[in-house]
There are 2 protein chains.
Amino acid sequence: MKKIINEPESFSRETVEGILLAHSDRLKALEGDLQIIARNDEVKPQKVSVVTGGGSGHLPVFLGYVGNGMLDGCAVGNVFASPSANKMFNMIKGCDYGNGVLCLYGNYGGDNMNFSMACDMAEMEDITVRQIRVKDDVASAPANEKDKRRAVAGLVYAWKIAGAAADMMYSLDEVCQVTEKALNNLRSMGVALTPCIVPEAGKPTFSIGEDEMEVGMGIHGEPGIEVRNKMSASETVKVLLDKITDDMPLEKGDEIAVMVNGLGGTPLEELYICFKEAHAYLEAIGVKIYSKYIGEYATSMEMAGMSLSVLKLDDELKDLVDYKASTPFFTNINK
Amino acid sequence: MKKIINEPESFSRETVEGILLAHSDRLKALEGDLQIIARNDEVKPQKVSVVTGGGSGHLPVFLGYVGNGMLDGCAVGNVFASPSANKMFNMIKGCDYGNGVLCLYGNYGGDNMNFSMACDMAEMEDITVRQIRVKDDVASAPANEKDKRRAVAGLVYAWKIAGAAADMMYSLDEVCQVTEKALNNLRSMGVALTPCIVPEAGKPTFSIGEDEMEVGMGIHGEPGIEVRNKMSASETVKVLLDKITDDMPLEKGDEIAVMVNGLGGTPLEELYICFKEAHAYLEAIGVKIYSKYIGEYATSMEMAGMSLSVLKLDDELKDLVDYKASTPFFTNINK
């Protein structure tokens, strides 16, 4: 296990400790609980709250997007494990400004169950809550079973849109409405080249052949839809974008936001080569890239691989993508 | 070779193509030459120019720091290979605003030779040039042979300081002076866990045992000073900071900028655990962390490993570290 860590069982806790030491001006642990992270900066008092939660091992997902213009809070689980309903409830309560709370999280069994329980608990304390599950991973279920799809890097766009809408003083209903619209326009698809190692396991729980790629593998190593012989960047991008556009057709003149996301072990150089290929693919079908994110946005620790996410934009979504956001791990402010 | 690329021989070129497609609003290739990159935004006309150059495979180093408040231009070589003197000369010429050009680059044989030739050529065209070589890697030579030391992630601090000074309208002499001061106060040291693969070679050129770490390995795989059995994050940070502070003593009350840099394949979680350990080490000796960078700032493609850099600050260096900078790969603007 080629990791620079201390005790495997304290991996998540120590990660959060490091993050809080580094970013105490912007993040805080509510009541000292390292599993409940909230913004430590000034929040518009009439704003709807947008929160999330999930397992560790995906930085910057989840807690890395807590900050101005994105998330208000996050419940943090152990590696690849959902935080408990109690932690989620305390997080929701601590992040409620009295204007409603949207729980916006990935469609995974544990998170679904725990957030549902947490929301029940919140409602009993008269907190207005809504839940929206992100299901952007095209590979994880066919089109006629969309509700079974998992979340991958598209989470970041979900939070970007909802967080911007909340900061623009949309009501809770309006935040939910525009988030649902964005999710209908959002698809992702990835390819993995190497496994990752959960620290407490100490070794990979699956393997990928030296000359193979797993198309559609999930960010916890969930099986993909196809094992392929190693493909070039050009072929890889074509396979992923073909699958995405089969599921969500793009037409000449469409404008999109695109993310080329590294899963952890893949160098930035390769992501830019993939962006070049995605640009060529999209240009050939007359689709315009309005906004792009290229880098590590949602990882599986040291897993090598890459995912593409596409968000089809209209004028409202463009404004929300452009809206200023700044967290310790994300900013679109450059002037 | 677990890479998502096209032809190995076009790796560097395609990387730059992707970067220019993504960031054409901020970067340009001078006269269409993909090995000569310059800012594409507005530059203060009376400003001194700060430029660099070096091999590919280290993103965001080198060209990723071309932008407002940092570098004005960069000559781009093939993977781990110096760009030619001619490319460097054309880059210097294209980035000269008439107020002098500082060539600020890593202390490597090929770069030294080529930049020296390029500067001779520039002087023959009446361009005022200076050269400063970055030698922050404590591991690469003993204290009595400091001039032999290589550059590693400390390059980023060198560019941050010089770029800020230039943008604050320091004269060429003043930019050089404050850069030399910063370099005297700057030390780095790293540890590697896995090798990286040069695309055209197709396999690692060296190996590190499954239970071993190489202390002091260079960013091209230059041999380190010691092969150690795998250490915890706490032990690793202690080994690196002991070595750094042996070379540059830190005293109670000192304020520093610290960088925890991932070499490519090491997850962000581990870097934050290392930051936590560095924070504890420094707190115990009464040293205050004034500024920190945690992430991938100077890589060796997919190499797993981490380096620490320490820059001892005075009031002037604090102002220069804080000064706003924004490039496609770096920003310290968050409001």
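Proteins come first, then strands; the chains are lettered A, B, ... in the order of their sequence lines, and each starts at number 1.
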### Query
Which distance, rounded to the nearest 0.5 Å, do you find between the OG of S234(B) and the CD1 of I5(A)?
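Rounded to the nearest 0.5 Å, the OG-CD1 separation comes out at 12.5 Å.
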
Give the minimum heavy-atom separation between [X] and [Y], together with the two atoms involved.
X	Y	answer
T331(A)	I333(B)	OG1-O, 3.9 Å
I4(A)	M213(B)	CG1-CE, 4.1 Å
P267(B)	M301(A)	CG-C, 3.5 Å

Can you tell me if [X] uses its side chain to pair, donor with acceptor, with the backbone of [Y] under 3.5 Å?
X	Y	answer
E269(B)	H58(A)	yes
K2(B)	E212(A)	yes
K276(A)	L21(B)	no
E210(A)	M1(B)	yes

### Worked verdict on N6(A) versus E277(B) for side-chain hydrogen bond (donor to acceptor under 3.5 Å, both in side chains)
CA-CA 10 Å; N6(A) 295 312; E277(B) 297 300 339; 2.8 Å; yes

### Query
Can you say whether F11(B) sits under 4.5 Å from chain A via the side chain, the backbone, both, or neither, judging by heavy atoms?
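Its backbone and side chain both get close to chain A.
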
### Query
Side chain, backbone, both or neither: which part of R13(B) has a heavy atom under 4.5 Å from chain A?
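Contact with chain A involves no heavy atom of R13(B) at all.
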
### Task
Evaluate ring pair (Phe, Tyr, Trp, His ring centres under 6.0 Å) for F275(B) paired with H23(A), printing each intermediate quantity in order.
CA-CA 11 Å; F275(B) 176 75; H23(A) 307 295; 7.9 Å; no

### Message
Heavy-atom cut-off 4.5 Å, strictly under: side chain, backbone, both or neither for K292(A) against chain B?
### Response
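For K292(A), side-chain heavy atoms alone lie under 4.5 Å from chain B.
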
